[in-house]
Amino acid sequence: MAEFQTSPGTRDILHPDSARWRAFTARFSDAAEAAGFHQIIPPMFEDLGVFQRLGEVTDVVTKEMYDFMDKGGRHVALRPEHTASVCRAFVQHRPTLPWLVWYAGPNFRYEKAQHGRYRQFDQVGVEALGSNDPWLDAEVIALGWNFFAGLGLRDVKLVINSLGDDGDRERYVEILRSYLSANSGDLSKESLETLARNPLRVLDSKRDQDAAIVAGAPSIRESLSDAAKEHFATVLEGLDTLGVPFTVNDRLVRGLDYYRRTTFEYVSTALDSAQNAIGGGGRYDGLVEDLGGPATPGIGFALGLDRTLLACDAEGVFAAPTDSTDLFVVDTTGGANATAIAAALRNVGHSVARAYDSRSMKSQMKQADKSGAKVTLIVGESEAETNTVIVRSMVDGTQRTIARDSLIEELKKEFK
RNA sequence: GUGGUCGUAGCUCAGCUGGUUAGAGCGUCAGGUUGUGGCCCUGAAGGCCGGGGGUUCAAGUCCCCUCGAUCACCCCA
C-alpha cells in the first residue's frame with residue numbers, strides 16, 4: 001500500500017478515462033458554442049462571501065463549504081459551483097446583455113463521499129444573464145437535453161417546476177410550514193429538523209414515513225403570481241416546440257435557495273442509486289443583485305460530469321475513444337534512428353510512438369501491436385547500413401523496404 | 001455529519017470451523033535457435049493479507065481502534 005493516496009472524495013483520472021473526459025468536454029463546448037455561448041474560466045476559489053450569497057439555509061453554504069484562511073488573512077473558499085462566480089464576474093466586468101457563457105471545471109464540496117458524489121467533482125454548464133424571456137428558458141433546457149441525447153443517453157427524464165417569484169415563494173413557504181406543522185406528529189424526526197430550518201426541503205424527503213404527508217402537501221402552483229404562471233406556461237410551450245419531453249413535478253424544489261421561477265432537473269433512470277440527478281438548474285433572478293450588481297435575471301444549468309459518465313456506463317454508451325497512434329518506430333540499433341525518424345514524422349503531423357531502453361525486436365514489436373499503430377517502421381542493422389526502413393502493416397502483416405529519404409512521401413499514401 | 005457492509009499481488013478475486021514457506025486468472029517482464037506483433041507454450045518479478053493494538057502456543061482468518069471505499073439517510077451534479 002502506497003504511503004500517500006488521494007484524499008477522501010478525490011481521485012486520479014487516468015487514461016483511457018481521461019480521454020473520455022476530454023471528449024466529453026469537447027462535445028459540450030461544441031454544443032454550447034453552437035448555441036451562442038462563450039467560455040468563462042473563473043478562479044477555483046473566491047472570497048467566501050461570494051458563495052455565502054447562495055443562501056443562508058443552503059447546506060452547500062452552511063455545511064459543505066471548503067473554506068480556509070489564506071496567508072494574507074483572507075477568508076476564501078473553493079467554489080462549490082460555478083453560478084455564483086459567474087454572477088460575480090458579471091458584476092465585475094459588466095458585459096453587454098444578454099451574456100451567454102459556458103464553463104467546465106471542478107467544484108468542491110466538503111461532504112461525505114460515495115459513488116457518484118465526490119468532494120472534487122466536475123461540472124459543465126451554461127449561464128444566461130440579462131433576459132427574462134421564457135423562450136430562453138426553453139432553449140437552455142433543450143441545450144442540456146440535446147447534449148445528453150447526443151452522448152447516446154436514452155434513459156433521461158426531465159423534471160420541471162416553477163417556484164414563482166420572490167413573494168410567491170415566501171407565501172408558499174408559509175403555507176407549507178403551517179401544513180407541515182399541523183402534521184408534525186407523523187413526520188420523521190429528521191424532517192422535523194428540516195422543517196425548522198427550511199420547510200421546502202421537507203418535500204425532498206425520501207423516508208417512507210414522510211411519503212404520505214409530502215404527497216398531501218399543498219402545491220406551490222396555487223401560490224404562483226399571474227406573471228410567474230404565464231412565464232411557466234410559455235416555458236412548457238417552448239419545450240413542446242423544441243420537442244423536449246418533460247414531467248411537471250410541483251414537489252421539485254432543489255437545494256440552492258436562490259432559484260426563482262423555472263427550476264428543473266435531469267434524472268437518469270438507468271442509475272440505480274440516490275445519486276441519479278445528472279444535471280439541474282433554473283432561474284436565479286436576484287442573485288446578481290445580491291452580489292452587488294444591478295437587478296439582472298439569469299438562468300442556467302450544471303451537468304455533473306462524473307455522474308453523467310456513470311449513466312453512460314449504465315447504458316453502455318459513449319465509451320472512451322480508442323487510441324489512435326499512426327505509427328510506431330522499432331529500432332534495434334540503439335535508438336538514434338528511432339529518435340530521428342519519430343521526430344521527422346511528428347514534425348509533419350503524424351502521431352508517432354516508439355520503444356525505449358533498447359529492448360529486443362520481439363519486445364518492441366509487441367509494444368507496437370499494443371500501441372494500436374496501423375503501421376510499424378522497422379530499422380535494424382542492415383536497414384541502418386543501407387539507409388532504408390521497413391514499412392510494415394500491422395493489419396495484414398505485409399511489409400516493404402523503402403529508402404529512408406522517401407519515407408515521408410511514402411507514408412502520405414497510407415495516411416491521407 | 002449518522003447508521004450498515006466491505007478492505008488479500010497493478011486489476012478481478014480464492015483462501016473451509018484460526019495451524020506448516022498466502023494462491024489463481026488477467027496484466028507486466030523475459031524466453032520458445034538463425035532480426036518482426038496479434039494465438040499458443042515456458043519461466044520470472046510482484047503481497048509486513050489497508051494501518052495500529054489486543055486475545056491465543058499460533059491470526060489473512062476472532063475482538064477493539066483507526067484510515068479508506070461502498071450503501072442508505074442527508075445533500076446534490
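Here is how names work: the chains are called A, B, and so on, in the same order as the sequence lines, proteins then strands, and each is numbered from 1.
Note on A:D59 versus A:R197: salt bridge recorded, some NZ/NE/NH1/NH2 to OD/OE distance being below 4.0 Å. Of the charged side-chain nitrogens involved, none lies within less than 4.0 Å of a carboxylate oxygen, so that A:K374 and A:E414 do not count as a salt-bridged pair.
Remark: B:G35 base-pairs with no nucleotide; criterion is Watson-Crick or G-U wobble with both hydrogen-bond distances under 3.5 Å.
For A:E64, taking side-chain heavy atoms from C-beta onward, the closest of the listed nucleotides B:C75, B:A77, B:G35 is B:C75. If you check B:C76, B:G37, B:C73 against the side chain of A:R109, the one that comes closest is B:C76. In the set B:U2, B:G68, B:U36, the nucleotide with an atom closest to the side chain of A:P8 is B:G68. For A:K362, the listed nucleotide lying nearest its side chain is B:G37; candidates were B:C75, B:G37, B:C29. Among B:G37, B:C73, B:G35, the nucleotide with an atom closest to any side-chain atom of A:K366 is B:G37. The side chain of A:M361 sits closest to B:G35 out of B:G1, B:G38, B:G35. For A:R392, the listed nucleotide lying nearest its side chain is B:G38; candidates were B:G38, B:U70, B:A72. Side-chain proximity of A:I378 to B:G1, B:C75, B:U36: nearest is B:U36.
You won't find any donor-acceptor pair under 3.5 Å spanning the side chain of A:R117 and the base of B:C71, going by distance alone. Between the side chain of A:R254 and the base of B:C76, no donor-acceptor pair of N or O atoms lies under 3.5 Å. Within 3.5 Å, no donor on the side chain of A:D369 pairs with an acceptor on the base of B:G38, nor the reverse.
A:R359 comes within 4.0 angstrom of sugar-phosphate atoms only, judged by non-hydrogen atoms across all strands, and of no base. No contact: A:T376 has no heavy atom under 4.0 Å from any strand. Contact annotation for A:Q364: no contact, since no heavy-atom pair falls under 4.0 Å across all strands. The residue A:V395 sits close to a base: some heavy atom pair falls under 4.0 Å. Residue A:Q209 is classed as having no contact, given no heavy-atom separation below 4.0 Å to the nucleic acid.
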Listed pairs under 3.5 Å, donor-acceptor, residues 300-307 of chain A side chains, sequence neighbours left out:
unit_1, atom_1, unit_2, atom_2, d
A:D306, OD1, A:D122, N, 3.2
A:D306, OD2, A:R11, NH2, 2.2
A:R307, NE, A:G116, O, 2.6
A:R307, NH1, A:A277, O, 3.1
A:R307, NH2, A:G116, O, 3.2

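With contacts defined as side-chain heavy-atom distances shorter than 4.5 Å, the pair A:S29/A:Q39 does not qualify.
Within the structure, every side-chain polar atom (N or O) of A:S360 is placed at least 4.0 Å from both OP1 and OP2 of B:G35. Taking side-chain N and O atoms only, A:S363 has a distance below 4.0 Å to OP1 or OP2 of B:A30. Between B:C76 and A:R201, a contact under 4.0 Å exists linking OP1 or OP2 to a side-chain N or O. An OP1 or OP2 oxygen of B:C74 is reached within less than 4.0 angstrom by a side-chain nitrogen or oxygen of A:R207.
Atom CE of A:M394 and atom P of B:G37 are 9 Å apart (whole Å).
A gap of 6 Å separates the C1' atoms of B:G19 and B:A58, to the nearest Å.
Closest approach of A:S162 to A:I220, counting heavy atoms only: O-CG2, 3.5 Å.
Atoms CZ and CD, on A:R117 and A:Q275 in that order, are 5.5 Å from each other to the nearest 0.5 Å.
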